[in-house]
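Residues take their numbers from the sequence shown, with the count starting at 1. All ligand and atom numbering here is 1-based and tracks the order in the structure.
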Amino acid sequence: MNSLCRVGRSYSASIRTLPFLKRSSRCFQRREKTTCNSIKILEAKSAVLCTLCSRTKSVGYEWNPMRACIRPYSTTTAAEPESASETSAEYHCIIDDKETPSGPEDSHEFQAETKMLLDIVAKSLYSEKEVFIRELVSNANDAIEKFRYLSTTEASAFTDVDRPLEIHLAVNKDAKTLTFQDTGIGMTREELVANLGVIAHSGSKAFLAELKNSKGDPSGIIGQFGVGFYSAFMVADKVTVYTRSVKPDSKGYIWTSDGAGSYSIQEGEHVHSGTKVVLHLKPDCMEFCDEDRVKGILKKYSNFVGSPIFLSGKRVNTIQPLWLMDPKEVTPEMHEEFYRFVGYSYDRPRFTLHYRADAPINVRCILYFPEGKPGLFELSRDADIGVALYCRKVLIKHRAESLLPKWLRFVKGVVDSEDIPLNLSRELLQDSAQISKIRTVLSNRVIRFLQDRARKEKESYEEFLRNYGVFFKEGILTSQDQMEKEELSRLLHYESSQLPQGEKVTLAEYCSRMKPGQRDIYYLAAPSRQLAESSPYYEALKDRDVEVLFCYEPYDELVLVQLREFDKKYLTSVEKQMRQEKKTVDYDADSSGLSKSDADELVAWTKKILSGKAHTVQMTAFLDAHPCVLTVEEMASARHFVRTQFSQVPEEDRYRLLQPRFELNPRHSIIVKLNKLRTSDPELAELVVRQLFSNSMVAAGLVEDPRNALVHMNDLLAKALEKH
Ligand SMILES: Nc1ncnc2c1ncn2[C@@H]1O[C@H](COP(=O)(O)OP(=O)(O)OP(=O)(O)O)[C@@H](O)[C@H]1O
């Protein structure tokens, strides 16, 4: 039943009886009279079902309020795609060439601004000439929508109300023409003069304004604007418009212009109500009388236009604008097909966000989160956003870069907003307040949606995160807004020292089990779980039994540094904690360790040996199994610096920049022996301390190439083995 009851943009599954129809009506399908009792209406607007015919379920019917009758309903039905393809197979064309001029021909001059626009449009090299098809189709669709609206709201009767509401295109290679014909509202003589002779329209005005800014050179900006009807002159050296208004007693008119400065209007016989625009193509624009080329352009820009579009008698726009449908009525199969269509993808959507909002801005959208891995190209920040911007089903921009933040470039889909002007230019797109509202609304919604998926589809989300987590990290690194960063960080998961390997925790979960009084979230960056657990830094905190997050990905720690806080708790690396916390060494506690005076002497000697490398040398009470450890201020940034820029820094400057603090464990056997060696075999002692320092630099992740740490290893071994 649902498939039979959709008209224009109003669609609902609920059907109810129309209470105010107390007249009898005629059913077109069965040619029978039907009464109000047998008519049901959708949303009390214009769509009705004739219960006589609905039994056949073959065609939809809509209520014609002007005539109190039912007519076949021909707009693509939302839940019945097969009916659209059935129609597409049938030949159906309303274009004929029966119009003949009658009466005198009036010549008119275009308004000065229009002349200027026409001149630019006609002479300029326009890289995207094809958009004229989008412009003329959307004019035709607007005319149909106007008619549909007026026929349901205005009491006055119109002519030809029973004809199907359609857009037809026809190519004619012999005549070198491309024709557009619609069954919309049409134009009276006055409207022809006012609408086609004068620029009063947003897109064209914005174009001229931008032209002034670009100091008269249109080449950079033409192509970024839809200049509406006038775009026809990019490809045509003569345009003829046949039009007849649906207002009662309207005459037919023929409007002709070569776009050079004037146009003529003449009355015409056999002009159908609605508008027909015939483009006499320029010699270098013959591609636009090639049916396949025109079909390709229609598919690209106008596939979702609400009115049926026919090209040379065959239906073209059979894909439905799913984003305007009720989410409950879109099946996973429909989503899959649509995802492949809009995303140029071969995988399937892992998650689908079908979202509609009216405030703070009108948005209808479907966003798909891919199941497959991101391609190399998508990983690059230069890749475009994968979402297209539509306005009332007409494509405005394929990859609308300002529509979503850059870190969401892997998302595929469609966003439609009635609040966006159809002719918004690319530059204006970036600066537009509406677009930035949409961006804010959508990015907040996406984050909430993914947080939901993390809770409700745990396994699938984990897999998704493995592939796409890098984009969220990029979002945190690039966002200027702490709130947004924190919301985004909720999407990330980390292993934890208190969970078995493989199990993950979120920052929110970590916070929920923090000990009373704990104000920091501790983390440790390491290449693997094993290295994290055996790290000297982790050892320093282990005694305190606090949970530590382990992060293994190269950018994890930078992300956490950039995040700074989460839920009013500081994000602190265990290295930083170790560097900041004070713990006095108790030299008397362990008799096998160094005495205070030995420790002081060893520190002084080590300082001398490592002069120019270690900025500070001291004893530490934090270590147990490790002989020494090295810290620098802001370890994460230092590591990033080493990774990305160290190769350009001369050796002698590196330690000056890092200012390492080298800490020795006075209870460790190597350190105790080193102290003895210092007097018994100073040469070997020097090699040992240098190696310990190199090892600590590697363990701290501060050596760009660990092979550098092996340089003196063989000297050390040779010296150590001398006596054996
Ligand atoms: N097929 C048509 N049927 C009826 N009226 C039309 C048709 N095409 C154009 N018009 C009239 O001509 C006017 C000018 O069209 P044009 O495409 O230049 O601008 P627009 O569509 O109004 O505005 P925009 O700048 O947003 O494109 C339209 O507003 C409409 O009134």
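In this comparison of Asn141, Thr183, Asn139, Val277, the heavy atom closest to atom 9 (C) of ligand 1 sits on Asn139.
Each of the atoms 12 (O) of ligand 1 lies under 4.0 Å from some heavy atom of Leu196.
Val415 pairs in a side chain to side chain contact (heavy atoms under 4.5 Å, CB included) with only one of the listed residues (Ile435, Val441, Leu403), which is Leu403.
Under a 3.5 Å cut-off, the side chain of Gln266 and the backbone N or O of Gly103 do form a donor-acceptor pair. Distance alone, capped at 3.5 Å, is enough to place a donor-acceptor pair between the Thr243 side chain and the Met187 backbone. The backbone N or O of Val305 sits nowhere less than 3.5 Å from a side-chain atom of Ser302 that would complete a donor-acceptor pair.
Contact annotation for Glu191 and ligand 1: no heavy atom of the residue comes within less than 4.0 Å of the ligand. Residue contacts with ligand 1, taken as heavy atom pairs separated by less than 4.0 Å, involve Asn195 via backbone and side-chain atoms alike.
Of the polar atoms of Tyr230, none of the N or O atoms is found under 3.5 Å from an N or O of ligand 1, judged by distance alone. In terms of polar-atom proximity, Asp182 is counted as a contact of ligand 1, with an N or O under 3.5 Å from an N or O of the ligand. Considering backbone and side-chain N/O atoms, Ile185 never comes within less than 3.5 Å of an N/O atom of ligand 1.
With sequence neighbours left out, the side chain to side chain contact (heavy atoms under 4.5 Å, CB included) criterion links Glu287 to Arg293.
Counting non-hydrogen atoms of other residues, nucleotides and ligands closer than 6.0 Å to NZ of Lys406 gives a total above 12.
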